[in-house]
Number of protein chains: 2
Amino acid sequence: MDSKLKIKYQMRAELIKALAHPTRLFIVDELAKESKCVCELTEMIGDDMSTISKHLSILKSAGIIESEKRGTQVYYKLKMQCVLNFFMCVETMIQEHLKEQMKIIEGKGKS
Amino acid sequence: MDSKLKIKYQMRAELIKALAHPTRLFIVDELAKESKCVCELTEMIGDDMSTISKHLSILKSAGIIESEKRGTQVYYKLKMQCVLNFFMCVETMIQEHLKEQMKIIEGKGKS
DNA sequence: CCATAATTTGCCTTATTTGCCAAATATGAC
DNA sequence: GTCATATTTGGCAAATAAGGCAAATTATGG
């Protein structure tokens with residue numbers, strides 16, 4: 001593959017990888033509603049605060065969320081709203097895929 | 001976090017993970033143009049055919065692409081067109097992010 | 001300056017992903 | 001049947017990602 005093309009897809013993959021984790025997806029959904037600090041997200045999710053902080057850092061370096069310091073707290077908010085459209089696409093895919101798998105299971109009796 | 005919510009985000013993450021690889025993103029883009037067999041994709045990408053086959057299998061089990069056997073060959077095509085909208089969103093994010101980073105680099109002289 | 005709270009960073013261990021090779025499987029031609 | 005071609009599968013080593021803990025950092029209030 002051409003090296004410029006390679007870089008293009010590497011950059012895309014980097015960004016998508018930032019979304020490819022359940023906790024980070026939850027965070028994006030929450031920050032779509034309203035901005036939240038690390039401690040609030042930590043409370044909601046229940047992992048170690050350092051873990052949440054690292055997830056936030058991954059999302060931030062990908063440019064998906066942004067942060068703002070308020071006193072001793074850091075508030076994060078969603079920056080790229082267009083990911084929310086993608087989530088709808090993802091939900092559709094999941095549902096259609098489940099439907100198909102159900103059909104396969106149901107029809108498994110026939111030879 | 002609630003266990004139902006957890007499952008929801010795990011499923012989303014599974015699907016997104018299937019997209020989170022440069023080769024697989026290239027494949028999706030190619031299959032969006034027209035259906036291709038494993039050997040054609042292998043030729044274009046240059047990795048081992050078994051590697052390409054595994055990438056295709058990951059995309060297929062996620063429900064993103066589908067396959068059809070023609071003689072001894074297997075043709076794959078894109079199933080979920082909506083991922084293409086997302087790629088536009090991704091491209092926008094990447095460009096805006098690069099612009100910002102350029103600003104930071106340019107303005108680094110000031111204290 | 002000291003104490004406290006919020007956040008980030010570094011280190012470490014474990015789990016997952018990747019990609020190649022070789023072997024197995026499937027299909028069609030002869 | 002055998003042979004050649006296309007594809008998938010299994011196994012394994014290297015690379016990458018995840019998450020917890022402790023230490024470092026930052027800002028605030030006395």
Side-chain angles (χ1 to χ4, degrees), chain A residues 1 3 6-7 9-28 30-31 34-77, chain B residues 1 6-7 9-28 30-31 34-77 111:
Chain A
M1 205 195 312
S3 85
K6 212 169 190 172
I7 290 168
Y9 286 107
Q10 277 171 352
M11 292 178 83
R12 281 196 191 180
E14 287 269 309
L15 203 154
I16 295 173
K17 252 186 258 180
L19 289 171
H21 189 286
T23 304
R24 295 199 286 270
L25 289 171
F26 175 79
I27 289 172
V28 169
E30 285 307 313
L31 298 185
E34 55 177 350
S35 72
K36 291 197 170 61
C37 65
V38 185
C39 54
E40 285 174 299
L41 291 165
T42 301
E43 166 95 33
M44 297 177 90
I45 295 164
D47 287 343
D48 195 275
M49 186 180 273
S50 71
T51 302
I52 305 301
S53 176
K54 275 174 196 165
H55 283 310
L56 288 165
S57 141
I58 289 167
L59 287 168
K60 190 184 170 187
S61 2
I64 298 164
I65 63 176
E66 55 193 344
S67 66
E68 179 201 354
K69 218 160 185 177
R70 293 188 209 161
T72 162
Q73 290 166 314
V74 179
Y75 276 79
Y76 285 90
K77 70 175 176 189
Chain B
M1 203 195 315
K6 213 169 188 172
I7 289 169
Y9 286 108
Q10 275 170 354
M11 292 178 83
R12 281 195 190 180
E14 286 271 309
L15 202 154
I16 295 172
K17 252 188 261 182
L19 289 171
H21 189 286
T23 303
R24 295 199 287 271
L25 289 171
F26 176 79
I27 289 172
V28 169
E30 285 307 315
L31 298 184
E34 56 177 350
S35 72
K36 292 196 170 61
C37 65
V38 185
C39 53
E40 285 174 300
L41 291 166
T42 300
E43 166 95 33
M44 296 177 90
I45 295 164
D47 286 345
D48 194 276
M49 186 180 273
S50 71
T51 301
I52 305 301
S53 175
K54 274 177 193 163
H55 282 310
L56 288 164
S57 141
I58 289 168
L59 288 168
K60 190 185 170 187
S61 1
I64 298 163
I65 64 176
E66 56 192 344
S67 66
E68 179 202 354
K69 219 161 182 172
R70 293 188 208 160
T72 162
Q73 291 166 312
V74 179
Y75 276 79
Y76 285 89
K77 70 175 174 188
S111 62

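These numbers come from the heavy atoms of this one structure, side chains and all, not from hydrogens, waters or symmetry mates. Numbers restart at 1 for each chain; the letters A, B, ... are given by sequence-line order, proteins then strands.
When the nearest nucleotides of DNA chain D are assigned to A:Gly71 and A:Ser50 by heavy-atom distance, the more 5′-ward of the two goes with A:Ser50. Annotation: of the two residues near DNA chain C, B:Asp47 and B:Lys69, the 5′-most nearest-nucleotide partner is B:Asp47.
When each of C:dT7, C:dA5, C:dT27 is scored by its nearest atom to the side-chain atoms of A:Ser53, the top-ranked nucleotide is C:dT7. Here the nucleotide nearest the side chain of B:Thr51, chosen from C:dG19, C:dT9, C:dT18, is C:dG19.
A straight line from CE of A:Met49 to C1' of C:dG10 spans 18 Å, rounded to a whole angstrom. Rounded to whole Å, the distance from CD on A:Gln73 to C1' on C:dT8 is 15 Å. What separates NE2 of B:His21 from P of C:dT16 is a distance of 18 Å, to the nearest Å. What separates CD1 of A:Ile58 from P of C:dT8 is a distance of 12 Å, to the nearest Å. Taking atom CG of residue A:Leu59 and atom C1' of nucleotide C:dT8, one finds them 16 Å apart after rounding to whole Å. When rounded to the nearest whole Å, the span between NZ of B:Lys54 and C1' of C:dA23 equals 12 Å. In this structure, A:Ile27 atom CD1 and C:dT7 atom P are separated by 12 Å, rounded to whole Å. Rounded to whole Å, the distance from CD on A:Glu40 to P on C:dA5 is 18 Å.
In terms of phosphate contacts, B:His55 brings a side-chain nitrogen or oxygen within less than 4.0 Å of OP1 or OP2 of C:dG19. An OP1 or OP2 oxygen of C:dT17 is reached within less than 4.0 angstrom by a side-chain nitrogen or oxygen of B:Lys17.
Here the side chains of B:Asp47 and B:Thr42 are not in contact, with every heavy-atom distance at 4.5 Å or above. In this structure, A:Lys60 and A:Ser67 have side chains that are in contact, with non-hydrogen atoms separated by less than 4.5 Å.
Using a 4.0 Å heavy-atom distance criterion, A:Arg70 is classed as making no nucleic acid contact. A:Tyr75 comes within contact range of no nucleotide atom at all, as no heavy-atom separation falls under 4.0 Å.
Using cut-offs of 30° and 60° for the angle between ring planes, the B:Tyr9 and A:Phe26 rings count as perpendicular.
In this structure, A:Glu68 does not pair ionically with A:Lys77, as no charged nitrogen and carboxylate oxygen lie closer than 4.0 Å.
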Pair A:Met44, A:Lys36 - check side-chain contact (heavy atoms from CB on, under 4.5 Å), show working.
CA-CA 11 Å; A:Met44 297 177 90; A:Lys36 291 197 170 61; 4.0 Å; yes

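When the shell of 6.0 Å around CD of B:Gln10 is examined, it contains more than 12 heavy atoms from other residues, nucleotides or ligands.
Residues meeting the salt bridge (charged side-chain N to carboxylate O under 4.0 Å, His left out) test with A:Glu14, sequence neighbours left out: none.
Chain B approaches DNA chain D within less than 4.0 angstrom (heavy atoms of the protein), and the contacting nucleotides run 5' to 3' from D:dT5 to D:dG11.
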